[in-house]
Each structure stands twice: as C-alpha cells, then as structure tokens.
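Reviewing the structure listed below.
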Amino acid sequence: MLTTLIYRSQLNSSCKSIQLSALVKKARHRNALLNITGILLFNGRDILQILEGAEENVVKLFHRIRDDKRHNDVVELMRDYGPRRRFDNVGMLLFDLRIESPSAVLESVLHYSKLESYLASDDRVFKFIQSFITRKKTSHSGAGLSADKWTLTKEKTRFSESVGVPIANQFCQFALQPIVEPGEGKISSLEALIRSNDGGSPEHFFKALDQDKVYEVDLQTKAYAFALAEKIGIGGHKIAVNLLPMSLVNVPGAVEFLVDQIKLHGLQPEQVVIEVTENEMISGFNQFNSAIKQLRAEGIGLAIDDFGSGYAGLSLLTRFQPDKIKIDREIVSNIHLSGPKQAIVKSIVSCCTDMEISLVAEGIEKIEEWCWLESAGIRRFQGFLFARPQLNGVGDIHWPRVAC
C-alpha cells in the first residue's frame with residue numbers, strides 16, 4: 001500500500017548541520033533501492049521530512065530514523081495512504097532554508113511533484129511543507145523538558161500505609177490513586193476507584209449486579225469511599241469518586257444522600273469531586289442538569305473523566321463548564337511522538353485556560369509523556385508513572401527529580 005509519512009524533529013546540538021549533506025547522499029541510494037522518496041527540509045534547527053513509498057518499507061525506515069541520536073523530539077505528524085505517488089522516485093532530497101529562499105524551496109519541491117498544481121495547493125502534504133518553509137522556526141510547544149534529564153524518586157506519604165482490609169459489612173472495596181502536581185511536589189487529590197471485594201475491576205463489579213439495582217448500588221458505594229477517606233485521614237486533601245450521572249437522576253434524594261455521607265465521615269462537601277464521563281453525561285444531560293445545580297449549591301465539585309474518548313468533545317463545554325477535566329489516556333499515550341495528539345491537547349489547554357477549568361492528564365506511564373504535557377502547560381497528572389492504585393489505602397509516590 002502506498003504510504004506517505006511526515007515527521008518533524010530537531011537536530012541534536014552535538015551534531016553539526018553540515019553532516020546532513022553526507023547523510024542525504026547515503027540515504028538517496030538506500031531509498032532508491034526501496035522505492036522510497038524522502039523530501040527533507042531544514043532551517044538550521046528544525047527538520048521536516050516526507051517519506052513516500054510502500055507501507056512496510058516506509059514504516060521500517062521511520063523506526064530506524066526515530067532511533068537515530070543525531071536528532072531528537074521526533075514527532076509523527078501525518079500518515080496517509082493513496083492510490084498514487086505525490087513525488088518522483090528521487091530517493092532523497094535536501095532543501096536547506098539557510099541557503100535557499102522559501103519561494104525557491106517551494107518551487108523546487110513542486111518541481112518534483114507528480115500532482116497538478118491546483119491539486120497540490122489543497123493537499124495536506126504540501127500544506128505541511130508550505131507552513132514549514134514560510135516561517136523561520138517550527139513551534140514546538142510541549143518540547144521544553146528533556147526526559148533524559150529526569151529520574152524518579154520513590155517517597156512515602158503520610159498515609160502510605162495501606163488499611164489492608166475493607167471496612168466491615170461493605171460489599172465493595174476502593175483503591176486510592178493520587179493525582180499529583182510534580183512541579184509543586186504535592187498531592188492534588190485522591191481518586192477512589194471502585195473494586196469488587198475480590199479486587200476485581202469496576203466492570204467486574206457492576207456486571208455482577210442486578211441491572212435494576214445498578215444506580216442505587218452505584219450511589220450507595222460512595223459511602224464506603226468516604227469512610228475510607230476518613231479511616232486513612234486524608235486531612236485537607238480532596239477525594240474524587242466516579243458516579244453514573246443517572247444515579248443522581250433515578251435515585252430519589254441522591255444529592256442529599258451524598259451530602260449526609262460526606263458530613264458523616266468528617267469531610268466537607270468542598271473536598272469531594274464527582275467524576276462523570278462525557279458519554280454518560282451527554283446521553284442524559286437535560287435530566288442531569290438539575291442535579292448539577294444541586295451539587296453546585298452544596299459545594300461539591302464536578303469533573304469530566306476520560307475527556308476526548310466520546311463523541312461529545314469540546315462542544316460539551318458550550319453547555320456547561322465543570323471544575324476539572326481529565327484528558328483521556330488514549331490521547332495522552334505516547335503524545336511526545338504524535339503531532340495530531342499534540343494539536344488536540346494544545347487546543348484543550350487553550351480552551352480550559354480561557355475558562356479557568358483545571359486540567360488533569362491521566363494514564364501517564366512514561367516520563368517522556370509527562371515532560372511534553374508539563375511543557376504544554378498541564379500541571380496535574382495521574383498514572384502508573386507516579387503512583388499505582390492501592391487497595392484500601394495510598395501507595396508510594398514516585399516524584400520526578402533532575403538527574404545528577
């Protein structure tokens with residue numbers, strides 16, 4: 001299958017730019033044998049390259065390129081498929097914007113194009129090229145921290161000791177996972193993740209229930225989360241609990257029940273954040289809206305969990321604004337390698353900044369993900385990189401520190 005792949009990167013400071021000419025000369029022969037065309041643009045620091053050829057060959061070559069230490073911050077911008085080539089099979093071409101003018105480079109690139117000019121003007125590949133050559137430097141928002149300069153240090157918290165066993169007579173357990181602010185070295189809040197009594201997943205727990213009782217049970221379990229928060233002594237920290245939006249709608253007196261349980265266990269309503277997913281909320285939004293008002297009136301916070309995983313997206317924020325948004329782990333995963341994911345997160349950061357909505361990136365497992373997101377303006381994080389969920393307690397936290 002004919003594949004076009006575009007990536008951007010930055011020349012490693014230890015690598016002299018004059019070496020690019022030798023690299024291109026060597027790559028030209030190799031690419032020609034593989035029937036791959038490489039169009040490489042360079043402005044003295046930033047690199048943009050287009051690779052075009054058979055999918056298997058292009059992907060293998062890109063994996064080799066990504067591991068090359070002569071450049072860093074390698075980010076895939078586009079991977080597309082088509083019925084015909086955009087460029088002649090020239091192996092490899094280098095266009096140096098320090099030597100040639102933007103107009104001359106654009107004209108040269110178009111010279112090797114197999115597309116008619118009127119098609120090229122509206123083609124995504126040529127839009128990437130034109131954007132790169134008509135500005136001096138490519139924006140790399142999110143690339144400010146270097147992962148190789150950081151290490152992780154394990155640290156116990158004041159409530160690191162697990163309670164160990166569930167509270168008597170309850171029919172589920174909770175695992176607590178911290179949401180942390182690495183820049184401040186502090187815990188922002190704790191999320192209580194429901195588990196069955198044998199430690200099974202939320203799906204396992206809810207699947208075993210009588211489906212007519214799901215909403216009622218969902219609401220009742222929050223009392224156990226608040227009891228656990230009291231037992232381990234969360235102090236002034238906040239605790240977040242997941243709730244099905246329709247539990248607030250279908251169970252009479254749901255908000256009053258939550259408030260009573262919060263106070264019964266020595267917490268303040270302002271310490272509690274209710275997390276709902278965008279898909280759940282939008283499906284019953286009109287009914288849920290009145291419950292939101294009740295929650296707000298009591299001082300309870302509201303967060304959208306797994307933001308970006310459903311069909312509602314940013315349009316949901318035109319209907320109501322939560323206190324917090326948690327960016328879905330699928331968007332966060334390997335964001336340091338994905339241009340489309342980076343563009344999406346930048347738009348979310350900008351939107352939430354304007355509306356003063358707090359952001360949390362969830363599912364962080366790699367230090368490279370944290371580095372990119374921290375540089376993009378996100379300050380709160382949740383994921384295995386920092387702390388794993390601990391059944392009936394809070395586990396150790398791994399804080400990023402500058403490597404010696």
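Pairing each heavy atom of Ile335 with each of Ile331, the nearest pair is CB-O, 4.0 Å. Of all heavy-atom pairs spanning Ser196 and His204, the tightest one is OG-CD2, 3.3 Å. What you find for His336 and Val75 is that their closest heavy atoms are O-CG2, 3.3 Å. Minimum heavy-atom separation, Thr353 to Val349: OG1-O, 2.7 Å. A pairwise comparison of heavy atoms in Pro400 and Phe386 identifies CD-CE2, 3.8 Å as the closest pair. Between Asn43 and Asp46, the shortest heavy-atom distance links the atoms OD1-N, 2.7 Å.
Of the possible donor and acceptor atoms, none in the side chain of Glu184 sits under 3.5 Å from a partner among the backbone N and O of Lys186. No side-chain donor-acceptor contact under 3.5 Å links His29 to the backbone of Gly91. Counting only distance, with no hydrogens or angles, the side chain of Asp305 and the backbone of Val276 share no donor-acceptor pair below 3.5 Å. The backbone N or O of Glu270 sits nowhere less than 3.5 Å from a side-chain atom of Glu298 that would complete a donor-acceptor pair. Remark: the backbone N or O of Leu258 is not paired with any side-chain donor or acceptor of Gln261 at under 3.5 angstrom. Checked by atom type and distance alone, the side chain of Asn12 never pairs as donor or acceptor with a backbone atom of Arg70 at under 3.5 Å.
Annotation for Glu56: atom CD does not count as buried by contact number, only 12 or fewer foreign heavy atoms lying within 6.0 Å. Counting non-hydrogen atoms of other residues, nucleotides and ligands closer than 6.0 Å to NE2 of His63 gives a total above 12. Around the CD atom of Glu107, the shell of radius 6.0 Å holds no more than 12 heavy atoms that belong to other residues, nucleotides or ligands. Residue Tyr112 places its OH atom among 12 or fewer non-hydrogen atoms of other residues, nucleotides or ligands, all under 6.0 Å distant.
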Decide yes or no on side-chain contact (heavy atoms from CB on, under 4.5 Å) for Ile99 and Leu97, but give the supporting numbers first. CA-CA 5 Å; Ile99 300 171; Leu97 288 156; over 6 Å; no

Go through Gln390 and Gln177 one step at a time and tell me if the side-chain hydrogen bond (donor to acceptor under 3.5 Å, both in side chains) criterion holds. CA-CA 7 Å; Gln390 176 69 52; Gln177 186 178 32; over 6 Å; no

Take Thr4 and Arg79 through the test side-chain hydrogen bond (donor to acceptor under 3.5 Å, both in side chains) and record every step on the way to the result. CA-CA 6 Å; Thr4 303; Arg79 189 179 299 197; over 6 Å; no

With side-chain contact (heavy atoms from CB on, under 4.5 Å) as the criterion, how do Leu373 and Phe381 come out once you've worked through the C-alpha distance, each side chain's angles and the decisive distance to 0.1 Å? CA-CA 9 Å; Leu373 291 159; Phe381 302 89; 3.6 Å; yes

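At a threshold of 4.0 Å, the pair Arg380-Glu181 counts as salt-bridged, since one of the basic side-chain nitrogens sits closer than that to a carboxylate oxygen. Comment: Glu155 engages Arg401 in a salt bridge, judged by a side-chain N to carboxylate O separation of less than 4.0 angstrom. Ionic pairing of Lys238 and Asp323 is not present here: no N-O contact between side-chain nitrogen and carboxylate oxygen is shorter than 4.0 angstrom. Between Asp306 and Lys326, none of the side-chain N atoms (NZ, or NE/NH1/NH2) sits under 4.0 Å from a carboxylate O, so this pair counts as no salt bridge. Lys114 has a carboxylate O that lies under 4.0 Å from a charged side-chain N of Asp88, or vice versa, which qualifies the two as a salt bridge.
Summarising the geometry, atom CG belonging to Asp328 is positioned 6.0 Å from atom CD belonging to Glu362; distances are rounded to the nearest 0.5 Å. For the atom pair CG of Leu302 and CZ of Phe288, the computed distance is 5.5 Å after rounding to the nearest 0.5 Å. Considering CG of Asp148 and CD1 of Ile367, their distance stands at 9.5 Å, rounded to 0.5 Å. Rounding to the nearest 0.5 angstrom, the gap separating the CG atom in Leu11 from the CZ atom in Phe42 is 4.5 Å. Here the OG-CD distance, from Ser347 to Gln342, works out to 12.0 Å after rounding to the nearest 0.5 Å. We find the CZ-CD1 distance between Phe132 and Ile6 to be 11.5 Å, quoted to the nearest 0.5 Å.
At least one side-chain heavy atom of Ser333 sits under 4.5 Å from a side-chain heavy atom of Lys341. Under the 4.5 Å side-chain criterion, counting only non-hydrogen atoms from C-beta, Val217 is in contact with Phe205. Contact annotation: the side chain of Leu267 never approaches that of Glu230 to less than 4.5 Å [non-hydrogen atoms, C-beta and beyond].
Using modelled atom types, one finds a donor on one side chain and an acceptor on the other under 3.5 Å when comparing Asn242 with Glu191. Side-chain contact annotation: Asn334 with Lys366, donor-acceptor N/O pair under 3.5 Å present. No hydrogens or angles considered: nothing links the side chains of Asn57 and Asn35 as a donor-acceptor pair under 3.5 Å.
Ring geometry, Phe126 versus Phe87: the interplanar angle falls from 30° to 60°, so the pair is classed tilted. The aromatic rings of Phe62 and Tyr7 are tilted relative to each other, their planes meeting at an angle between 30° and 60°.
Residues forming a salt bridge (charged side-chain N to carboxylate O under 4.0 Å, His left out) with Asp218 (at least two apart in sequence, or on another chain): Lys222.
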